[in-house]
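Note: hydrogens, waters and symmetry copies are ignored here, and every other heavy atom, side chains too, is used. Nothing fancy with the numbering, it's 1 onward along the sequence.
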Amino acid sequence: MQKIRTLALGCTLLLSTQAVEAALALDRTRVIYNGEVKSVSLNINNDNKQQPYLAQAWIEDAENRKITGPLVVVPPVQRLEAGGKSMIRITSLPAVSSLPQDRESLFYFNLREIPPRSEKPNVMQIALQTKIKLFYRPAAITPERGAVWQEQLQLIKTATGYRIENPTPYFVTVIDLTEKGKPGSNISPVMIAPKSAESVKTPQLHTPVLTYINDYGGRPELTFNCQGERCQAMKS
């Protein structure tokens with residue numbers, strides 16, 4: 001999840017610096033839109049017990065451009081009372097059929113909180129924005145319950161580390177690749193598109209352990225067995 005801080009125009013910088021926390025909170029860190037359903041609902045909470053907030057939501061494509069289809073947000077703007085809860089719905093338009101049906105497509109869901117206007121002079125107002133990944137998963141590639149497709153990932157040794165090959169139709173976000181039994185992070189997180197590969201820089205590992213993010217925001221690990229230059233994930 002990504003938090004973006006946007007300063008309101010015309011504000012005056014305060015002499016003191018205070019920690020800023022988001023008032024609006026989502027119930028997840030990523031969205032999986034299964035093509036077999038008509039819509040996906042997200043719950044949002046206003047954790048501020050004193051003030052109402054406006055919630056503005058929209059969707060961007062993989063290039064971070066705001067779009068109006070084939071997925072849309074309803075409602076695009078709503079008011080949440082202090083301490084209140086609400087729901088946002090992501091729904092598809094007929095144009096969703098033009099998306100690839102043999103692999104996932106990447107979008108981004110954005111939620112910006114708009115605070116009430118302050119009646120005090122010389123006050124800096126900050127609008128916090130949450131941005132999370134939104135994956136459209138066609139019905140044709142719906143996985144079986146409990147399937148761990150990440151086990152199909154392969155590691156290929158390179159001069160500077162490994163090339164991570166993803167033969168699956170799903171996006172896979174890898175957040176760590178390290179030696180089994182040794183703590184610490186060796187790589188920066190990388191998202192590997194369906195049927196593609198990404199290279200990461202890391203020392204050679206005897207028994208690589210890869211950590212990825214699953215559909216629910218969990219961080220499972222995969223242990224690999226290497227034979228020569230190629231490493232295969234051990235089945236769970």
Side-chain angles (χ1 to χ4, degrees), residues 1-2 26-43 59-63 67 69-73 87-110 130-156 162-178 180 187 189-200 207-226 230-236:
M1 188 188 307
Q2 187 177 5
L26 280 169
D27 65 345
R28 67 196 71 189
T29 60
R30 59 194 50 232
V31 181
I32 310 297
Y33 192 116
N34 289 304
E36 56 192 10
V37 302
K38 293 184 178 180
S39 64
V40 175
S41 296
L42 288 72
N43 297 313
I59 294 175
E60 296 175 348
D61 62 16
E63 284 72 45
I67 60 175
L71 300 178
V72 295
V73 176
M87 187 172 61
I88 294 177
R89 189 160 52 91
I90 300 174
T91 188
S92 61
L93 300 177
V96 75
S97 62
S98 65
L99 294 175
Q101 298 301 303
D102 65 340
R103 67 192 65 195
E104 289 183 333
S105 295
L106 172 66
F107 298 90
Y108 291 99
F109 173 82
N110 293 265
T130 299
K131 184 173 185 176
I132 63 175
K133 295 171 183 175
L134 164 59
F135 300 105
Y136 176 77
R137 182 175 295 167
I141 63 168
T142 301
E144 297 182 3
R145 181 180 296 274
V148 184
W149 60 84
Q150 294 85 354
E151 291 180 344
Q152 300 178 47
L153 294 178
Q154 296 187 18
L155 304 179
I156 312 299
Y162 291 89
R163 184 173 73 254
I164 306 175
E165 295 185 348
N166 175 19
T168 78
Y170 313 101
F171 281 87
V172 179
T173 299
V174 175
I175 60 173
D176 199 12
L177 182 61
T178 188
K180 184 177 181 179
I187 65 169
V190 59
M191 181 171 62
I192 310 170
K195 306 180 187 299
S196 67
E198 294 287 343
S199 294
V200 296
T207 305
V209 175
L210 180 148
T211 306
Y212 64 93
I213 299 180
N214 64 17
D215 284 357
Y216 311 101
R219 302 186 175 195
E221 294 182 347
L222 290 174
T223 300
F224 284 75
N225 178 44
C226 297
R230 185 173 293 271
C231 306
Q232 305 280 352
M234 300 181 185
K235 304 298 182 180
S236 56

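You'll find the side chain of Arg28 reaches within 4.5 Å of the side chain of Val40, heavy atoms only. Counting only heavy atoms from C-beta outward, the side chains of Leu177 and Pro208 approach each other to under 4.5 Å. Looking at Glu60 and Phe107, their side chains never come closer than 4.5 Å, going by heavy atoms from C-beta outward. Side-chain atoms of Leu42 and Phe109, non-hydrogen and from C-beta on, do get closer than 4.5 Å to each other. Put simply, the side chain of Pro138 does not reach to within 4.5 Å of the side chain of Pro100, judged on heavy atoms. Inter-residue side-chain proximity for Tyr33 and Val96 is flagged as unmet; no heavy-atom pair is nearer than 4.5 Å. Annotation: side chain of Tyr136 is not in contact with side chain of Ser92 (no heavy-atom distance under 4.5 Å). For the pair Asn225/Gln232, no side-chain contact is recorded, criterion being any heavy-atom separation below 4.5 Å from C-beta on.
Within the 3.5 Å criterion, the main-chain N or O of Tyr216 finds a donor-acceptor partner in the side chain of Asn214. Checking side-chain atoms of Glu221 against main-chain N and O of Arg219 turns up no donor-acceptor pair under 3.5 Å. In this structure, Tyr170 contributes its side chain and Ile141 its backbone to a donor-acceptor pair below 3.5 Å. With hydrogens and angles disregarded, no donor-acceptor distance shorter than 3.5 Å links the side chain of Asn166 to the backbone of Phe171.
Distance check, rounded to the nearest 0.5 Å: CZ of Arg30 to CD1 of Ile213 gives 4.5 Å. The CD1 atom of Ile67 lies 9.5 Å from the CG atom of Leu93; values are rounded to the nearest 0.5 Å. Considering CD of Gln154 and SG of Cys226, their distance stands at 11.0 Å, rounded to 0.5 Å. Rounding to the nearest 0.5 Å gives a distance of 11.5 Å between CG of Leu210 and CD of Glu151. In this structure, OG1 in Thr223 is found 13.0 Å from NZ in Lys235, a value given to the nearest 0.5 Å. Here the straight-line distance linking atom SG of Cys231 with atom CD of Glu165 works out to 11.0 Å at 0.5 Å rounding.
A side chain to side chain contact (heavy atoms under 4.5 Å, CB included) with Leu26 is found for one member of Thr130, Asn43, Val31 and no other, namely Thr130. Among the candidates Leu153, Ile164, Val148, Ile175, the single residue satisfying the side chain to side chain contact (heavy atoms under 4.5 Å, CB included) test with Tyr212 is Val148.
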Original post:
After noting the C-alpha distance and the side-chain angles of Lys133 and Thr173, does the key distance pass the side-chain contact (heavy atoms from CB on, under 4.5 Å) rule?
Top reply: CA-CA 11 Å; Lys133 295 171 183 175; Thr173 299; 3.2 Å; yes
**OP:** Dump the intermediate steps for side-chain contact (heavy atoms from CB on, under 4.5 Å) on Arg137 and Asp215, then the final yes or no.
**Re:** CA-CA 11 Å; Arg137 182 175 295 167; Asp215 284 357; 2.9 Å; yes
**OP:** May I have the step-by-step check of side-chain contact (heavy atoms from CB on, under 4.5 Å) for Met191 and Leu106, ending in yes or no?
**Re:** CA-CA 11 Å; Met191 181 171 62; Leu106 172 66; 3.4 Å; yes
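Heavy atoms of other residues, nucleotides or ligands lying less than 6.0 angstrom from NZ of Lys195 number more than 12.
The shortest heavy-atom contact between Ser98 and Ala95 is OG-O, 2.6 Å. Smallest separation of non-hydrogen atoms from Met87 and Ser41: SD-CB, 3.6 Å.
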